[in-house]
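Notes follow the structure.
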Amino acid sequence: MTMPLMRPPRKNPVLRTRQMNLPPGARGRVALGLTAAAAEGRFELQTCGDCGTVQYPPREVCHKCLSAALRWRAQSGEGELLGSTTLHHSNDLFFRERLPWRLGLVHLDAGPTLMVHLHGEVGDAPQRVRVGARLDRAGQAVLIGFPNEGSPHMADDKMLREMTSDPKFRKVLVTDGKTETGQAIVRALVKAGADIVWVGHAEPWKKMGDGLDDISALPQVTLVPLDLTNGRQVTELAGSIGGKVDIVINNAEVHRTFGIGSRRGTDVAKAEMDINYFGLLRLAQEFGPALKGRSADGATGATAWVNLLSIYALSNFPPHGTFSASKAAAHSLAQCLRAEMRPAGIRVINVFPGPIDDEWNQHTPPPKLAPTALANAIVKALRDGVEDVYPGDVAQEWLERWRDNPKVLERELAAGG
């Protein structure tokens, strides 16, 4: 049984800040299919299209029939633990700091035998276990053996917490608390055990509204002035709290309808880009180095950056044309941010929701994503340690169609479908 995580002691400001040592990150190109699935929370292995063999480790051809018709397929992960060992010595700097470390040999019901990291609640062999894939601090997929029935505090396991960004006891910045979505995110973070939640709000001279008043009354919440179009204000806030923030959730956005020919001028498109793209850029330039500098601060070190994008970033939705373009630009920038944050072990999570049930989608027919459902999806992504999230039925459908044939999806959307 996992002991619940206790509130970590305050960092001694006199001690030198530790530097992040990442686990071994070298993988062959074939093995990146395992990482791609783990980035979305799936455990997949290569399956031969000719003989049906499931194999591991990944190879260029099937080890049984030598066919190259290999596809990555989702696996249940059910199997038998054959044996386990505890590592007490390692020459690798990452594991040396985290010893002892348990490893196990698992024979999957699907066929392959795997070497996996073992969750603390897995006992001695033989016993049934469930294998899952997670991303480690280097951004690569690793395999973990879980018990079939775990305790309520499974997420507090020391090894598993290394692979995730659980907000429990962490300090979070939410960039926009004025929207219903932002307020739902704040409530979900508080429920998940966040220690402090800083909530940004632009134009504080305007009436806050009941929603912002309600969340500001929560003891964990502190309102901070934050307008992502104001570079000086972003810099000042980073100087004030940047050295304390563990997770940044950038949900600030400007969303307007219509495309190109339905409005005159570029003012609206500039406003969308100024928040959705340049706002992310300003935030990343100021808070990015601060998070990277604190990524090795123990159990509550800086760990994640979350970007609220849109499924429209994958393929333009003409009724929301310029908004789609701004989110596509932000998506590209977020990929750059992910590459730059990875050497410090900071996970960048991109969230691609379908239409949210808010004022800008009031003429969009159902199904629409409730703000509470979106907030819960973000917290779940942090707890599961994934990189890309597509919450809602519309987002899942668009993703499937986009992966099948992006050109067909573009034509269907242009025709209003």
Side-chain angles (χ1 to χ4, degrees), residues 19-49 53-64 66-75 77 79 85 87 90-99 101-108 110-119 130-146 159-165 292 295-296 303-305 334-350 381 384-389 403:
Q19 301 300 304
M20 171 57 70
N21 291 312
L22 295 179
R27 300 287 192 280
R29 187 176 188 276
V30 177
L32 292 180
L34 185 66
T35 296
E40 296 181 6
R42 301 189 307 275
F43 170 44
E44 295 184 353
L45 294 178
Q46 284 180 320
T47 303
C48 179
T53 299
V54 179
Q55 68 177 17
Y56 182 88
R59 301 175 176 89
E60 297 284 354
V61 297
C62 173
H63 76 278
K64 185 175 182 180
L66 301 183
S67 170
L70 296 172
R71 297 291 182 270
W72 290 92
R73 296 287 183 261
Q75 307 295 324
T85 186
L87 192 67
S90 176
N91 291 329
D92 183 88
L93 292 176
F94 177 85
F95 290 106
R96 186 190 298 182
E97 295 174 348
R98 293 161 175 82
L99 296 175
W101 195 276
R102 292 186 71 213
L103 303 171
L105 195 65
V106 177
H107 179 71
L108 294 182
T113 299
L114 319 174
M115 180 67 74
V116 303
H117 304 290
L118 285 181
H119 189 280
R130 174 179 51 84
V131 176
R134 294 290 188 274
L135 296 179
D136 62 14
R137 296 299 292 268
Q140 298 287 4
V142 296
L143 303 179
I144 301 176
F146 296 94
M159 180 273 296
L160 187 58
R161 196 169 168 89
E162 286 283 350
M163 312 290 181
T164 65
S165 306
K292 289 194 287 186
S295 60
T303 184
W305 185 296
Q335 291 174 321
C336 175
L337 178 64
R338 177 179 288 162
E340 292 189 4
M341 299 291 271
R342 184 166 290 149
I346 301 295
R347 179 159 297 140
V348 174
I349 301 172
N350 290 332
D384 292 347
V386 301
E387 282 189 344
D388 294 313
V389 189
R403 284 176 170 164

### Query
Side chain of Q140, backbone of G25: donor and acceptor closer than 3.5 Å?
yes
### Query
How long is the span from the NE2 atom in H117 to the CZ atom in R134, to the nearest 0.5 Å?
12.5 Å
### Task
May I have the step-by-step check of salt bridge (charged side-chain N to carboxylate O under 4.0 Å, His left out) for E387 and R342, ending in yes or no?
CA-CA 12 Å; E387 282 189 344; R342 184 166 290 149; 3.1 Å; yes
### Query
Any side-chain heavy atom of E162 sitting closer than 4.5 Å to one from F94?
yes
### Message
Which heavy atom of P343 sits nearest to which heavy atom of A339, and what is that distance?
### Response
CD-O, 3.3 Å
### Query
Which atoms form the tightest heavy-atom contact between P23 and D136, and what is the distance?
CG-OD2, 3.5 Å
### Message
Suppose we screen for side-chain contact (heavy atoms from CB on, under 4.5 Å). Which residues come up paired with T113, at least two apart in sequence or across chains?
### Response
L82, L105, H107
### Message
Could you report the tightest heavy-atom contact between P24 and D92, atom names first, then the distance?
### Response
CG-OD1, 3.5 Å
### Task
Step through the shown structure and confirm whether more than 12 heavy atoms of other residues, nucleotides or ligands are within 6.0 Å of CZ on R403.
yes
### Task
To the nearest 0.5 Å, tell me how far L93 CG sits from R98 CZ.
10.0 Å
### Message
Could you check whether any side-chain N or O of Q55 sits under 3.5 Å from a backbone N or O of V61, counting only pairs where one atom can act as donor and the other as acceptor?
### Response
yes
#### Entry: Set of residues satisfying side-chain contact (heavy atoms from CB on, under 4.5 Å) with respect to D384, sequence neighbours excluded
K380, V386
### Task
Output the distance between atom NZ (K292) and atom CD (E340), rounded to the nearest 0.5 Å.
6.0 Å
### Task
For Q46 and R59, indicate whether the former's side chain and the latter's backbone hold a donor-acceptor pair under 3.5 Å.
yes
### Task
Drop me the distance from R96's CZ to L87's CG, to the nearest 0.5 angstrom.
11.5 Å
### Query
Among all residues two or more places apart in sequence or in another chain, which pass the side chain to side chain donor-acceptor pair (under 3.5 Å) test with R338?
D388
### Task
State the CD1-CG distance between I144 and L114, to the nearest 0.5 angstrom.
13.0 Å
### Query
Nearest heavy-atom pair of L99 and S90: which atoms, and what distance?
CD1-N, 3.8 Å
### Query
Do the rings of H119 and F146 sit parallel, tilted or perpendicular, given the 30° and 60° boundaries?
tilted
#### Entry: Min side-chain heavy-atom separation L34-Y56 under 4.5 Å
yes
### Message
Quick check: closest heavy atoms across C62 and T53, and the distance to 0.1 Å?
### Response
SG-CB, 4.1 Å
### Query
Counting distance only, does the side-chain N/O of R137 pair as donor-acceptor with the main-chain N or O of S295 below 3.5 Å?
yes
### Query
Are T47 and Q75 close enough, and set up right, to give a side-chain contact (heavy atoms from CB on, under 4.5 Å), and what steps lead you there?
CA-CA 10 Å; T47 303; Q75 307 295 324; 3.7 Å; yes
### Message
Any non-hydrogen side-chain atom of F43 less than 4.5 Å from a side-chain atom of L45?
### Response
yes
### Task
Mind checking the OG-CG spacing from S165 to L135? Nearest 0.5 Å is all I need.
9.5 Å
### Query
Between R42 (side chain) and R73 (backbone), is there a donor-acceptor pair under 3.5 Å?
no
### Task
Report yes if some heavy atom in the side chain of M20 is under 4.5 Å from a heavy atom in the side chain of I346; otherwise report no.
no
### Message
Counting neighbours of CD on E97 that are heavy atoms of other residues, nucleotides or ligands and sit closer than 6.0 Å, is the number greater than 12?
### Response
yes
## Note on the structure
Minimal heavy-atom distance between V389 and A381, with the atoms involved, is CG2-CB, 3.5 Å
